[in-house]
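Take a look at the structure set out below.
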Amino acid sequence: MSASWPVALVTGASSGIGETFARHLAREGSQLVLVARRRSRLEAIAAELRDEHGTSVEVLDADLTEPDAVDRVARRLRDADRPVDLLVNNAGFGSHGAFADTDPVREADEVRLNVIAVQQLAHAALVAMRPRRRGAILNVSSMAGFQPQPYAATYGATKAFVTSFSEALHAELAGSGVTVTALCPGFTRTEFADSAGVSESVVPALLWMSADTVVDAGLRGLRRGRAVVVPGVGYQLTAAVSRVTPHAVTLPVVATAFRRRLSRDAG
Ligand SMILES: NC(=O)c1ccc[n+]([C@@H]2O[C@H](COP(=O)([O-])OP(=O)(O)OC[C@H]3O[C@@H](n4cnc5c(N)ncnc54)[C@H](OP(=O)(O)O)[C@@H]3O)[C@@H](O)[C@H]2O)c1
């Protein structure tokens, strides 16, 4: 099978949505560069994908909150001898709680990973892709980016950045042969819930999606060159409403819901 993207680099490929992107892309014949901190997990996934699909898989262990590690991945993206056709900027985590009670070091890491790494890697990818007039970047954002998130303030703000940044680049690059897409999932069953402090039991079952559904929607949107992809009809409606409703109306409702959830979790 000839792959839509002969070589794809996926960050956060050691679990969840990133691992699922790696599996779908390997099945379609892409060669892969897998990036995350847990090298042993990346090696295990890489060995499985080489075995199953006969594809080449490189592993880069990198903590993308660290500028040197981001530089290392950026150099791989700029390497003219080994061009990358698709960058999936997926690594990310979420924190929650009243902002003043959060750990400021972890909050800063969240910005470094969810924002700075995404921006720097997108820059490196575009420097290489633009002269070739070919390539795609998919930035994994979130439904949380459509609306400020009281009690998850940093997370919501990082994802608002990712969506806005992606839409702006999508417009800048119109007609260039290179596309940039923001993928905005809602609740997705991965390891994310542990870090974000979302217990599956407090979110109605109907709202949870599988990583496969999210990745299928992301790849479909990428092929169509979409600026923003929201997987699932229910979430598409919510996103449309969020985009047109003034924050002054939605914020008190969101704040109350989060406050209730926090006090239920605490109690
Ligand atoms: N799950 C959801 O409900 C949901 C909803 C909307 C958006 N998202 C977004 O989807 C993306 C993927 O999340 P997920 O749900 O798949 O969560 P996940 O299962 O926790 O995966 C997160 C991935 O990011 C990597 N990562 C975390 N910190 C890193 C660091 N400092 N440097 C490099 N890699 C790092 C992790 O690998 P290592 O630990 O090995 O580094 C892991 O591979 C995130 O951007 C998240 O914000 C998730």
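Remember, it's 1-based here, ligands and their atoms both numbered in the order they're listed. By convention here, the first residue in the shown sequence is residue 1. No experiment lies behind these values; they were computed from the predicted model shown.
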Checklist line | For ligand 1, the portion of F93 having any non-hydrogen atom under 4.0 Å away | finding: neither
Checklist line | Check: R223/S4 side-chain N/O donor and acceptor closer than 3.5 Å | finding: yes
Item checked: Pairs involving residues 225-239, ordered by first then second residue, that meet side chain to side chain donor-acceptor pair (under 3.5 Å) (sequence neighbours left out) -> none
Next item on the list: May I ask which of A91, A13, G92 has a heavy atom nearer to atom 22 (C) of ligand 1 than the others do?
Entry: G92
Item checked: Within reach of ligand 1, part of A62 (heavy-atom separation under 4.0 Å) -> backbone
Next item on the list: With the side chain counted from C-beta on, respond yes when T179 and L173 share a heavy-atom pair under 4.5 Å apart, and no when they do not.
Entry: no
Notebook entry, point to check: Taking N or O atoms only and a 3.5 Å limit, does F187 qualify as a polar contact for ligand 1?
Noted result: no
Note to self: Looking at non-hydrogen atoms alone, which of A22, S14, S40 comes nearest to atom 37 (O) of ligand 1?
What the structure shows: S14
Checklist line | Salt bridge E167-R243, side-chain N to carboxylate O under 4.0 Å | finding: yes
Next item on the list: List every atom of ligand 1 that sits less than 4.0 Å from any heavy atom of G16, numbering the atoms from 1 in the order shown and giving each element.
Entry: 16 (O), 19 (O)
Notebook entry, point to check: If you measure from each heavy atom of S141 to ligand 1, is any distance below 4.0 Å?
Noted result: yes
Margin query: Within the 3.5 Å criterion, strictly below it, is a donor on T154 or E110 matched to an acceptor on the partner's side chain?
Written below: no
Notebook entry, point to check: Between D109 and R112, is there a side-chain N and carboxylate O pair less than 4.0 Å apart?
Noted result: yes
Next item on the list: Within a distance under 4.0 Å of any heavy atom of F192, pick out the atoms of ligand 1 and give their elements.
Entry: 1 (N), 2 (C), 3 (O), 14 (P), 15 (O), 17 (O), 18 (P), 19 (O), 20 (O), 46 (C), 47 (O)
Note to self: Is the contact between I17 and ligand 1 made by the side chain, the backbone, both, or neither, using heavy atoms and a 4.0 Å cut-off?
What the structure shows: both
Margin query: Donor-acceptor check, side chain of T55 to backbone of R50, threshold 3.5 angstrom: yes or no?
Written below: no
Next item on the list: Output the list of atoms in ligand 1 that are nearer than 4.0 Å to some heavy atom of T65, sorted by atom number.
Entry: 31 (N)
Next item on the list: May I ask whether A211 places a heavy atom under 4.0 Å from ligand 1?
Entry: no
Next item on the list: Return a yes/no value for S142: is any of its N or O atoms, backbone included, closer than 3.5 angstrom to an N or O of ligand 1?
Entry: no
Notebook entry, point to check: If we only count N/O pairs under 3.5 Å, is L64 in contact with ligand 1?
Noted result: yes
Next item on the list: Applying side-chain hydrogen bond (donor to acceptor under 3.5 Å, both in side chains), name anything that partners E52, two or more places apart in sequence or on another chain.
Entry: none
Notebook entry, point to check: Could a heavy atom of R112 be found less than 4.0 Å from some atom of ligand 1?
Noted result: no
Item checked: Identity of the nearest option to atom 38 (P) of ligand 1, non-hydrogen atoms only, from R189, R39, R38 -> R38
Note to self: So, taking the atom named CG in N139 and the one named CD in Q119, what distance separates them when rounded to the nearest 0.5 Å?
What the structure shows: 11.0 Å
Note to self: Within the supplied structure, the quantity of interest is the number of heavy atoms (other residues, nucleotides, ligands) at a distance under 6.0 Å from H247 NE2; does it exceed 12?
What the structure shows: yes
Check: What about V115 and F99, same hydrophobic cluster or not, with Ile/Leu/Val/Met/Phe/Trp/Tyr joined at side-chain heavy-atom distances under 4.5 Å?
Finding: no
Margin query: List ligand 1 atoms under 4.0 Å from D63, heavy atoms only on the residue side.
Written below: 30 (C), 31 (N), 32 (N)
Notebook entry, point to check: Would you say T188 and ligand 1 have an N/O pair spaced under 3.5 Å apart?
Noted result: yes
Notebook entry, point to check: Contact between P185 and ligand 1, counting heavy atoms under 4.0 Å?
Noted result: yes
